[in-house]
2 protein chains.
Amino acid sequence: MGPSPERRPPVMADVAKVAGVSHQTVSRVLNDHPNVRAETRTRVLRAIDQLGYRRNLVARALVTKHSRTLGVVSFDTTLYGPASTVYGIEQAAREAGYFVSIVSLRTIDRAGVHDAIDYLTDQGVDGIVVVAPQRSAAQALEDMPTGMPAVAVEGGQAGEVSVVSVDQVEGAALATRHLLDLGHETVWHISGPADWLEAEGRVQGWREALTAAGHRVPDVLAGDWSPRSGYRAGKRLAEMTSEVTAVFVANDQMALGVLRAFAEEGVRVPEQISIVGFDDIPESEFFSPPLTTIRQDFGAVGRRSIDVLLRQIEAEGPCERERHVVPPRFVARASTAHAR
Amino acid sequence: MGPSPERRPPVMADVAKVAGVSHQTVSRVLNDHPNVRAETRTRVLRAIDQLGYRRNLVARALVTKHSRTLGVVSFDTTLYGPASTVYGIEQAAREAGYFVSIVSLRTIDRAGVHDAIDYLTDQGVDGIVVVAPQRSAAQALEDMPTGMPAVAVEGGQAGEVSVVSVDQVEGAALATRHLLDLGHETVWHISGPADWLEAEGRVQGWREALTAAGHRVPDVLAGDWSPRSGYRAGKRLAEMTSEVTAVFVANDQMALGVLRAFAEEGVRVPEQISIVGFDDIPESEFFSPPLTTIRQDFGAVGRRSIDVLLRQIEAEGPCERERHVVPPRFVARASTAHAR
DNA sequence: ACAGGGTGTGTTAACGCTCACAGTCTTCCC
DNA sequence: GGGAAGACTGTGAGCGTTAACACACCCTGT
């Protein structure tokens, strides 16, 4: 009786033995090294198949220093925007043969992002994408370990790192100009939370479009992205129907809240007040009325950020910062109309 | 002149040298081994701190055979349900000190899930969570590598693997009974796509509640979860206001479509027709009218699945299948009323 | 004084792979 | 026909960690 068979997964040496070659030749076949005789290659391939061999990527990562894993740090992936972006990132990364390791933060502050980056670095990721929509998160990019390839999504111009983002300013301008073109005296704005770069960009685009066209800039109503905050702002606006005829809401969820508030108060949209949202979530088309909004191509942002990151990883050396801007798109629906 | 300093990250041996101990002692400190003198421990800790040493988890994984990484396979994480579940999974996993590697599938079929599992297995994950809401995906669990700890979320009773899910049947019954209690003759149903286990469960719960109470079971209107499909079904229902007074819609997004269709056709909710949805997405509360619905605790599902998975991983040996059911909750709002 | 059992530490050998180098066997040219 | 260039393959070392063992040391009890 020999030693018990001891079922353990086959390793390269096992394949080598079966194929009658050295482990190194097996490695060469696996890595598509050119100098392997065709006949040898097929013999090795057959042995791999026969044993059901799978190469151990952990051992490989140890020696190559590359794990083919990318880290993603994101804020609350329950929201449509981050979720879509992360989805785009994941698809693009997998197509390029990379694994994706995710850290999703409940609250996003500098310390949280910092920890997440540390955590992923420990795991040995080859690069990191930070979906950093908040100013405080963007700052955390400054303490990225040197030499770690990184890309910020929606990250402002903070730090040394490349940035991919949707042109928020332009999107907001698109919305505002549309309303102005319809003959409205001015456009009110319900903004996102103060710390968010996207919120800031939208305020800026709205304000610029207004002043460029020589219109009055009303006070901003502050929201927090939630439908509820939109609802509250909507209630306030509903009391001012004599002056308010058009409002640009910083995202579709808040716009839903506004719609609800207006419905309760008997304010008709778009007859009395026109509304434009932002994001184009899948629900917007079925709001009552269907929401005119600005579409962000989150998928494109995700894909683009992976492009940039992989280029950085493959360059090996330090790269110069890139800055990519994905254009937003105006989507006309039924929540806007000509001024009375 | 000696050799150039060659800035490479410090390894255990470097720490050992600085602390004046062997690398093994450093390892012991890092792994909280009991037999280390307190004084030695602090010396090592100080050296670690001084050098900024971080242990190489890849090397560790190679020898321990544990990567402390969990794999998650999910269908389209852009949807609220999967996104919330994955979020819950990720939080729970990270709290337990595990990394999470995600594969998000555009289309979920057996081959796709199979590939995803292979992919994650190659990466050396310690266990896999499959968010397998479709029958075809659930089948793919059968070709899970033997010995790989796994949990299915919303996976039916397929295969050998443990399952965590929301009690869809009970949720649908809750919705249906609520409508019946309001005095409606019967309840119509707009279902999810045929292949989905959740859709099936909801149909079943609805049908059972109806027959148990001795009511007629109308034909099912088939939807596909999208607001648009709900809209189409709503249009059809709007033509039948004489017989239809209550409808249970299999998810909130479709309910939104129904609401839109009814608004267009002048059907008043809840005065003429009552509607109950399913999921309780953040928007539902601000639909017009606010939607009565069934809440699924996705976070609980995610956390529970990690519990089960970790127990399986830590047990090392083969475990018996577990089956966990998270109860749904009825959320009363304004889209339902007493029958005329 | 000496066996016995902790406690603390060092030494050596894996883990499964790739890299660098050293071979061997062709082939081709003068 | 000899030598060089190229194609193909094997050998050995090393990646940074943990596991297994060996060893020195201290305490206890007889």
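Order of the sequence lines fixes the chain letters, A, B, ..., with proteins taken first and strands second; residue numbering starts at 1 for each chain. Fair warning: this is a prediction, and the values are worked out from it, not measured in the lab.
- The NE2-P distance, from His33(A) to dG10(D), rounds to 13 Å in whole Å.
- One side chain, Ser104(A) or Thr77(A), offers a donor N or O that lies under 3.5 Å from an acceptor on the other.
- A centroid separation of 6.0 Å or more is found between the aromatic rings of Tyr87(B) and Phe298(B).
- Residue Arg60(B) places at least one side-chain N or O closer than 4.0 Å to OP1 or OP2 of dT18(D).
- For the pair Asp122(A) CG and dG16(D) P, the computed distance is 15 Å after rounding to whole Å.
- Tyr119(B) approaches Val103(B) most closely through the heavy-atom pair CD2-CG2, 3.9 Å.
- Remark: nothing in residues 42-57 of chain B comes within less than 4.0 Å of DNA chain C through any heavy atom.
- Partner Glu154(A) forms a side-chain contact (heavy atoms from CB on, under 4.5 Å) with one of Val166(A), Leu197(A), Val131(A), Val164(A) and no other, that one being Val166(A).
- Ser101(A) and Gln123(A) share a donor-acceptor pair across their side chains, judged by distance under 3.5 Å alone.
- Across Ala152(B) and Val161(B), no two heavy atoms sit closer than the pair CB-CG1, 4.2 Å.
- Distance CG (Asn35(B)) to P (dA19(D)): 15 Å, rounded to an integer number of Å.
- dT18(D) atom C1' lies 8 Å from atom CE of Met12(B), rounded to whole Å.
- In terms of position along DNA chain C, the nucleotide closest to Thr40(B) lies nearer the 5' end than the nucleotide closest to the other residue of the pair Ala59(B) and Thr40(B).
- Side-chain atoms of Gln91(B) and Arg303(B) form no donor-acceptor pair, as typed in the model, at a separation below 3.5 Å.
- In summary, the side chains of Ser136(B) and Asp195(B) do present a donor paired with an acceptor at a separation below 3.5 Å, with no hydrogens or angles considered.
- Remark: His23(A), Gln24(A), Ser27(A), Asn31(A) in residues 13-31 of chain A come within less than 4.0 Å of DNA chain C through at least one heavy atom.
- Nearest approach of Val326(A) to Ala300(A), heavy atoms of both residues: CG1-CB, 4.3 Å.
- Residues His324(B) and Arg304(B) share a closest heavy-atom pair of ND1-NH1, 3.0 Å.
- Summary of the strand contacts: Pro34(B) and Val63(B) both lie near DNA chain C, and taking for each the nucleotide with the nearest heavy atom, the more 5' one is attributed to Pro34(B).
- On the nucleic acid side, DNA chain C has its first and last nucleotide under 4.0 Å of a heavy atom of chain A at dG16(C) to dA20(C), going 5' to 3'.
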Legend entry - Asp126(A)/Tyr98(A) under side chain to side chain contact (heavy atoms under 4.5 Å, CB included): CA gap, chis, key distance, verdict: CA-CA 9 Å; Asp126(A) 295 343; Tyr98(A) 278 80; 3.7 Å; yes

